[in-house]
Enquirer: 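One structure is given below, represented as structure tokens, and several questions about it will come after.
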Amino acid sequence: MTATMLAGRLDVSKRSFAVEEVPVPVPGPGEVLIKVEAAGVCLSDVHLIEGMLKPLYLKGDKVTLGHEVAGTVHTLGEGVTASSVGDRVLLQAGESRGGVVHTRGVDYDGGWAEYALATAGTLVPIPDDLPFEQACFIPDAVSTPWAAITATGAVRPAEAVGVWGVGGLGAHGVQLLRAIGAFPIVAVDPLPAARERALAFGADAALDPADARFAELLREATGGRPLSAAFDFAGVAPVREQAMASLGEHGRLVLVGLTDKPLTVTNGTLVSYLRQQIRGHYGSDGQDVVDLVNLVRGGRLDFSRSVSGTFPLAEAARAVEALERKEGDPIRLVLKP
């Protein structure tokens, strides 16, 4: 008799999501079965359910969601020697297959389940004192802003930087910018609670984008310097206009938040004159996740404040709804099988 488990499944063709009973997967050669201990709920998951994001390489119409996953090694497939049963690990959010990146929980089954399959090379060991609830979202919620800041944005120490949107990505963006020495860090968010959180996470100033004195307050916060880099973690069209107008010469606008709305540049001549750049960003590399785990291990980063709430796996739909409605202005919601 085949063992079964609960899994949060999306029918892409019908755009319907439900927690269902499915067979427990069996690891093949080079694969590992992970007992999931925690899985992050990301805005990308909401976008998948809504249909704004669509899998590019999914075989069939159904997929188990969840690209932020941590747990313990349960069963080793044939030929796996680098891991042992019981190892504490997180899973990379995707992998290259035939030179094409496939995303976990999008193009193949992810970790909103009691058990998840993973290629052995996508396992990243985590220290014993790092809770699964904090480890699971390092791939994406932390690694995406990390890569946006260090690679795409190429932020250097002492550069003035703006962060628009202090949600799941932006809050970590502020923390990471602080860690690499950006100064000043100006957070921008319409929600008072988000601005307070930004200051607690290391921002030097936190502004309301709707404030009539916004431009003046921004100049005060930076000592009169225009921003060297601005990060749109919100994925909202007006944010991009405001962020672009805050940049100086050679300034970089980095688009991290996802939106299907058009991108408009109001003053193209000024952008050209100041030699500014608009840079798109998506995801991170595997080494980014390894580096971040090492920084946590070394005491340089702490994500204990990032878990805004936990839900049983059976209530995954409720967690999605809570994130979509931004109930309690969460940084990260986590599912616990």
Enquirer: Does a salt bridge link R332 with E133, judged by any charged N lying under 4.0 Å from a carboxylate O?
Expert: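 Looking at R332 and E133, the cut-off is not met.
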
Enquirer: With a 4.5 Å heavy-atom cut-off, do L33 and P25 have their side chains touching?
Expert: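 In short, these two side chains touch, coming nearer than 4.5 Å.
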
Enquirer: Identify the heavy atoms of P55 and L48 that sit nearest to each other, and give their distance.
Expert: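 P55 and L48 have their closest heavy atoms at CD-CD2, 4.2 Å.
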
Enquirer: Looking at S143 and S284, would you say the former's side chain and the latter's main chain have a donor-acceptor pair under 3.5 Å?
Expert: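 Flag not set: sc S143 to bb S284 has no pair under 3.5 Å.
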
Enquirer: Ignoring hydrogens and geometry beyond distance, is a side-chain donor-acceptor pair present between E95 and T122 at under 3.5 Å?
Expert: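 Absent: no donor and acceptor within the cut-off.
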
Enquirer: Looking at the rings of Y108 and H102, which for Trp means the six-membered one, are their centres under 6.0 Å apart?
Expert: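 No, they do not, as the ring centres are separated by 6.0 Å or more.
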
Enquirer: Heavy atoms, side chains only, cut-off 4.5 Å: are P27 and V32 in contact?
Expert: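 No. Closest side-chain heavy atoms not under 4.5 Å.
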
Enquirer: Hey, are R197 and D329 close enough for a salt bridge, meaning a charged N less than 4.0 Å from a carboxylate O?
Expert: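 Salt bridge: yes.
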
Enquirer: Work out which heavy atom in V163 is nearest to a heavy atom in G170; give both atom names and the distance.
Expert: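 The pair with the smallest heavy-atom distance is CG1-O, 3.9 Å.
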
Enquirer: Determine which pairs satisfy side-chain hydrogen bond (donor to acceptor under 3.5 Å, both in side chains) with at least one residue from residues 76-92, sequence neighbours left out, and list them in order.
Expert: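 Checked against side-chain hydrogen bond (donor to acceptor under 3.5 Å, both in side chains) - neighbours excluded - no pair reaches residues 76-92.
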
Enquirer: V85 and T75: side-chain contact (heavy atoms from CB on, under 4.5 Å), yes or no, with the steps?
Expert: CA-CA 6 Å; V85 172; T75 308; over 6 Å; no

Enquirer: Mark yes or no for whether D211, through its side chain, and D208, through its backbone, hold a donor-acceptor pair below 3.5 Å.
Expert: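 Not confirmed, D211 side chain does not pair with D208 backbone.
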
Enquirer: To the nearest 0.5 Å, how far apart are CG in D140 and CZ in R104?
Expert: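 That separation rounds to 12.5 Å.
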
Enquirer: Specify the closest pair of heavy atoms between L335 and V41, including all atoms of both residues, with the distance to one decimal.
Expert: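 It is CG-CG2, 3.7 Å.
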
Enquirer: Would the distance check show the side chain of R252 and the main-chain N or O of I278 forming a donor-acceptor pair, the cut-off being under 3.5 Å?
Expert: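 Checked: no pair found.
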
Enquirer: Looking at A148 and V256, what are the two nearest heavy atoms and their distance?
Expert: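 So the two residues come closest at CB-CG2, 3.8 Å.
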
Enquirer: Can you check whether V142 reaches L176 side chain to side chain, under 4.5 Å on heavy atoms?
Expert: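 Of all side-chain heavy-atom pairs linking L176 with V142, at least one is under 4.5 Å.
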
Enquirer: Please determine if R318 forms a cation-pi arrangement with F311, meaning its NZ or CZ atom is less than 6.0 Å from the six-membered ring centre and no more than 45° off the ring axis.
Expert: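 Because its charged atom misses either the 6.0 Å distance or the 45° angle limit, R318 does not stack over F311.
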
Enquirer: Evaluate S246 against L227 for side-chain contact (heavy atoms from CB on, under 4.5 Å), listing each step before the verdict.
Expert: CA-CA 6 Å; S246 304; L227 298 180; 3.8 Å; yes

Enquirer: Are V155 and L177 packed together at the side-chain level, in the sense that at least one heavy-atom pair is separated by less than 4.5 angstrom?
Expert: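 Yes. Closest side-chain heavy atoms under 4.5 Å.
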
Enquirer: Rounded to the nearest 0.5 Å, what separates atom CD in Q134 from atom CG in L301?
Expert: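 Nearest 0.5 Å value for the CD-CG distance: 11.5 Å.
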
Enquirer: Which value, rounded to the nearest 0.5 Å, describes the distance between T103 atom OG1 and L56 atom CG?
Expert: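 Between T103 OG1 and L56 CG, I get 8.5 Å after rounding to 0.5 Å.
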
Enquirer: Give a yes or no answer on whether the side chain of E114 reaches the backbone of V36 with a donor-acceptor pair at less than 3.5 Å.
Expert: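 Not at all, since once roles are kept as given, no pair shorter than 3.5 Å links the two residues.
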
Enquirer: Charged N to carboxylate O below 4.0 Å: is that the case for K326 and E324?
Expert: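 Not counted as a salt bridge, because no side-chain N and carboxylate O are separated by less than 4.0 Å.
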
Enquirer: Shared ILVMFWY cluster between F201 and I180, side chains joined below 4.5 angstrom?
Expert: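 F201 and I180: one cluster.
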
Enquirer: Just by distance, do the side chain of Q175 and the backbone of D302 share a donor-acceptor pair under 3.5 Å?
Expert: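 Yes, the answer is positive, given that a donor and an acceptor are paired below the 3.5 Å cut-off.
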
Enquirer: Are the side chain of H281 and the backbone of T144 linked by a donor-acceptor contact shorter than 3.5 Å?
Expert: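 Yes; judged by distance alone, with no hydrogens or angles, the pair exists.
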
Enquirer: Locate the shortest heavy-atom distance separating A221 from A205; write the atom from each residue and the value.
Expert: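 Residues A221 and A205, closest heavy atoms: CB-CB, 3.8 Å.
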
Enquirer: Please assess H172 against S306 for the test side-chain hydrogen bond (donor to acceptor under 3.5 Å, both in side chains), listing each intermediate value before the final yes or no.
Expert: CA-CA 8 Å; H172 291 124; S306 298; 2.8 Å; yes

Enquirer: Atom CG in L253, atom CG in L255: separation rounded to 0.5 Å?
Expert: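 So the CG of L253 and the CG of L255 are separated by 4.5 Å.
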
Enquirer: Does K62 pair with E20 as a salt bridge, N-O distance under 4.0 Å?
Expert: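 Yes, charged N to carboxylate O under 4.0 Å.
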
Enquirer: Which distance, rounded to the nearest 0.5 Å, do you find between the CH2 of W146 and the CG of D291?
Expert: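 Taking CH2 in W146 and CG in D291, the distance rounds to 7.0 Å.
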
Enquirer: Indicate yes or no for a side-chain donor-acceptor contact from D204 to the backbone of I185 under 3.5 Å, with no hydrogens or angles considered.
Expert: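 Yes, D204 side chain to I185 backbone: donor-acceptor pair under 3.5 Å.
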
Enquirer: Whether the side chain of R178 engages the backbone of G202 through a donor-acceptor N/O pair (distance < 3.5 Å, no angle test) should be reported.
Expert: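 Present.
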
Enquirer: Side chain of D232, backbone of G235: donor and acceptor closer than 3.5 Å?
Expert: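 Such a contact is found between D232 side chain and G235 backbone.
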
Enquirer: Do V271 and L247 come within less than 4.5 Å of each other through their side chains, counting heavy atoms only?
Expert: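 With C-beta onward as the side chain, the pair stays apart.
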
Enquirer: What I want to find out is whether R15 reaches E50 closely enough, with some N-O distance under 4.0 Å, to be called a salt bridge.
Expert: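 So R15 does not pair with E50 through a salt bridge.
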
Enquirer: With hydrophobic residues grouped by side-chain heavy-atom distances under 4.5 Å, do V12 and M52 end up in a single group?
Expert: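 Yes; tracing contacts between hydrophobic side chains, which count when under 4.5 Å, links both residues.
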
Enquirer: Take R156 and E159 through the salt bridge (Lys or Arg N to Asp or Glu O under 4.0 Å) test and state the conclusion after the steps.
Expert: CA-CA 6 Å; R156 296 180 294 277; E159 282 193 312; 2.9 Å; yes

Enquirer: Should the pair D109-R9 be classified as a salt bridge under the 4.0 Å nitrogen-to-oxygen rule?
Expert: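 Looking at D109 and R9, the cut-off is met.
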
Enquirer: Does the side chain of T310 reach to within under 4.5 Å of the side chain of L333, using non-hydrogen atoms?
Expert: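 No, too far: nothing below the 4.5 Å cut-off.
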
Enquirer: Under a 4.5 Å side-chain heavy-atom rule over Ile, Leu, Val, Met, Phe, Trp and Tyr, are L169 and L292 clustered together?
Expert: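 Looking at the clustering, L292 is in the same group as L169.
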
Enquirer: Going by ring pair (Phe, Tyr, Trp, His ring centres under 6.0 Å), name the residues that satisfy it together with F214, two or more places apart in sequence or in a different chain.
Expert: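 Applying ring pair (Phe, Tyr, Trp, His ring centres under 6.0 Å) to F214 gives none.
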
Enquirer: Looking only at the side chains, is there a donor atom on one of E31 and T119 sitting less than 3.5 Å from an acceptor on the other?
Expert: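 No, T119 and E31 have no side-chain donor paired with an acceptor closer than 3.5 Å.
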
Enquirer: Can we say E220 and R213 salt-bridge, meaning some charged N sits less than 4.0 Å from an Asp/Glu carboxylate O?
Expert: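 Answer for the salt bridge query: yes.
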
Enquirer: How would you list all residue pairs meeting side-chain hydrogen bond (donor to acceptor under 3.5 Å, both in side chains) that involve residues 181-196, not counting sequence neighbours?
Expert: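 Counting only pairs at least two positions apart or across chains, no side-chain hydrogen bond (donor to acceptor under 3.5 Å, both in side chains) contact touches residues 181-196.
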
Enquirer: Between M244 and Q276, is there a side-chain heavy-atom distance shorter than 4.5 Å?
Expert: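 The answer is yes, as the side chains (C-beta and beyond) meet within the 4.5 Å cut-off.
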
Enquirer: Is there a donor-acceptor pair closer than 3.5 Å between any side-chain N or O of R279 and the backbone N or O of T152?
Expert: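 Yes.
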
Enquirer: V166 vs F233, test: side-chain contact (heavy atoms from CB on, under 4.5 Å). Steps then yes/no.
Expert: CA-CA 7 Å; V166 193; F233 288 110; over 6 Å; no

Enquirer: I'd like to know if L313 and L91 are part of one continuous hydrophobic network [Ile/Leu/Val/Met/Phe/Trp/Tyr, side-chain heavy atoms within less than 4.5 Å].
Expert: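 Not linked; separate clusters.
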
Enquirer: Checking side-chain contact (heavy atoms from CB on, under 4.5 Å) for the pair T72/F132: CA distance, chi angles, key distance, verdict?
Expert: CA-CA 9 Å; T72 56; F132 292 113; 3.7 Å; yes

Enquirer: Between A198 and V174, what is the shortest heavy-atom contact and its length?
Expert: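 Of all heavy-atom pairs spanning A198 and V174, the closest is O-CG1, 3.7 Å.
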
Enquirer: With rounding to the nearest 0.5 angstrom, report the CH2 to OG1 distance, W112 to T64.
Expert: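 Here the rounded value is 10.5 Å.
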
Enquirer: May I ask you to test the L53-S44 pair for a side-chain heavy-atom distance under 4.5 Å?
Expert: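 Contact flag for L53/S44 side chains = yes.
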
Enquirer: Do V254 and W164 land in one hydrophobic cluster if side-chain heavy atoms of ILVMFWY residues count as linked below 4.5 Å?
Expert: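 Hydrophobic grouping puts V254 apart from W164.
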
